[in-house]
Amino acid sequence: WSGNPDEDLRVCATASVYECTTTLAAVARILGDGEAEREMTARAAVIRTEFLREFYDPVAGVVRDAVAGYRQTHNVLALAAGLIPAADRHRVAAALAADVDGHRGGHLWTGALGTRRALQMLDAHGHEDTAFRAATARDFPSWGWWRDQGATTMWEYWDDQRSRNHYFFGTVDDWLGAPMFFSGHDPQTNRRLIADAGLDIQIDELVTMHEPEGDATFHWVMATRPH
């Protein structure tokens, strides 16, 4: 194990605690435990207030810490956890995309925590092209670089170290699969059988899904999705 990066570990830790707390509030709501829901909601509000006070720069629209400055992971986790004010989310995402495309030359600069959600957060805030460039990059650090080194599995680190069968960076599949194939409701047949590519990428493929009532074939072609 190579140890923690040279940054303020409180940023990732606080984002994680906040997300756990809001999740507990949601669970309490589902279970009908109003007291627990109110307690967790109140705790989450305090955590969010302190996080924004300590780490968020509302003028620049970025999350940063006094040790490392700007980190992609910090901004990814803050977006994913719902810590960023709604009015500022697109500014934070735009700064993230600018860092990926500009400062990092089209690459993610994230570890296990940030990589898990980086592509999703870029995609969700209108930066699908940036996410796609990072996902299909061929130079280091990238999944494509792994492939060019002969990788047939997901590695533990971006460089050639340690485990070569690890899920830390395997979450690119979550991003690639989720928007490409999902089911919806077809009112004409009352069946859940709607697919949407979701990404503005070049693709021309026939895909067949085996359904109980027969095969369903989709022809994916390149199209421009309105933003």
Side-chain angles (χ1 to χ4, degrees), residues 4-23 25-26 40-137 141-143 158 169 171-172 174-176 178-179 198-201 224-227:
N4 291 313
D6 185 18
E7 61 188 39
D8 191 336
L9 302 181
R10 296 178 302 161
V11 183
C12 291
T14 306
S16 298
V17 170
Y18 176 79
E19 191 165 19
C20 288
T21 307
T22 56
T23 298
M40 291 298 105
T41 300
R43 290 189 181 188
V46 172
I47 294 170
R48 184 170 185 259
T49 297
E50 292 303 308
F51 180 94
L52 294 174
R53 181 186 61 79
E54 186 72 18
F55 303 119
Y56 182 57
D57 181 348
V59 176
V62 298
V63 173
R64 58 169 128 242
D65 73 68
V67 177
Y70 184 88
R71 291 285 200 189
Q72 289 182 14
T73 290
H74 293 166
N75 289 268
V76 167
L77 294 184
L79 284 169
L83 283 159
I84 303 299
D88 290 357
R89 289 181 64 83
H90 282 282
R91 293 177 62 214
V92 173
L96 173 63
D99 191 79
V100 172
D101 278 332
H103 185 50
R104 299 301 182 180
H107 298 89
L108 297 183
W109 211 258
T110 51
L113 296 179
T115 303
R116 177 188 171 201
R117 286 167 155 173
L119 300 178
Q120 286 91 336
M121 290 302 102
L122 287 167
D123 193 2
H125 293 86
H127 300 284
E128 304 96 327
D129 291 346
T130 298
F132 187 71
R133 279 190 291 274
T136 57
S142 68
W143 292 282
W158 287 123
F169 297 127
T171 47
V172 63
D174 296 341
W175 168 78
L176 182 62
L199 296 171
D200 298 336
I201 61 177
T224 300
R225 183 178 66 171
H227 298 292

Let me see the working for Ile84 and Val63 under side chain to side chain contact (heavy atoms under 4.5 Å, CB included), right down to the final yes or no. CA-CA 9 Å; Ile84 303 299; Val63 173; 3.8 Å; yes
For a 4.5 angstrom cut-off between non-hydrogen side-chain atoms, does Val11 reach Thr73? no
All heavy atoms of Met121 vs all of Val76, minimum pair found to be CG-O, 3.8 Å
Which atoms form the tightest heavy-atom contact between Ala137 and Ser142, and what is the distance? O-OG, 3.0 Å
Minimum heavy-atom distance Ala135-Leu119, with the two atoms named: CB-CD1, 4.1 Å
Quick one: do Phe169 and Trp158 satisfy ring-ring contact (aromatic ring centres under 6.0 Å, His included)? Show the steps, please. CA-CA 8 Å; Phe169 297 127; Trp158 287 123; 4.4 Å; yes
Please identify each residue that fulfils side-chain contact (heavy atoms from CB on, under 4.5 Å) with Ile47, with sequence neighbours left out. Thr14, Val17, Tyr18, Thr21
With sequence neighbours excluded, residues passing side-chain contact (heavy atoms from CB on, under 4.5 Å) with Ser16: none
Give every residue pair that meets the salt bridge (charged side-chain N to carboxylate O under 4.0 Å, His left out) criterion with at least one member in residues 8-22, sequence neighbours excluded. Asp8-Arg10, Arg10-Glu54, Glu19-Arg117
So which pairs with a foot in residues 92-114 pass ring pair (Phe, Tyr, Trp, His ring centres under 6.0 Å), sequence neighbours left out? none
Over all heavy atoms of both residues, which pair between Gly61 and Ala95 is shortest? Give the atoms and the distance, please. O-CB, 4.2 Å
Quick one: ring pair (Phe, Tyr, Trp, His ring centres under 6.0 Å) pairs with a partner in residues 51-85, sequence neighbours left out? Phe51-Phe55
Which residue pairs pass the salt bridge (charged side-chain N to carboxylate O under 4.0 Å, His left out) test with at least one member in residues 66-82, sequence neighbours excluded? Glu7-Arg71
Can you list every pair that meets side chain to side chain donor-acceptor pair (under 3.5 Å) and has a residue in residues 89-98, with sequence neighbours left out? Arg89-His125
Considering residues at least two apart in sequence or located in another chain, which fulfil the side-chain contact (heavy atoms from CB on, under 4.5 Å) criterion with Ala13? none
With sequence neighbours excluded, what pairs up with Arg48 under the side chain to side chain donor-acceptor pair (under 3.5 Å) test? none
State, with a plain yes or no, whether a side-chain heavy atom of Leu52 is found less than 4.5 Å away from one of Pro85. yes
Looking at every heavy atom in both Ala44 and Thr22, which two are closest together, and how far apart are they? CB-CG2, 3.8 Å
With sequence neighbours left out, the residues meeting side chain to side chain donor-acceptor pair (under 3.5 Å) with Thr115 are Thr110
Residues forming a salt bridge (charged side-chain N to carboxylate O under 4.0 Å, His left out) with Asp101, sequence neighbours excluded: Arg133
Indicate yes or no: at least one non-hydrogen side-chain atom of Leu96 is less than 4.5 angstrom from one of Thr130. no
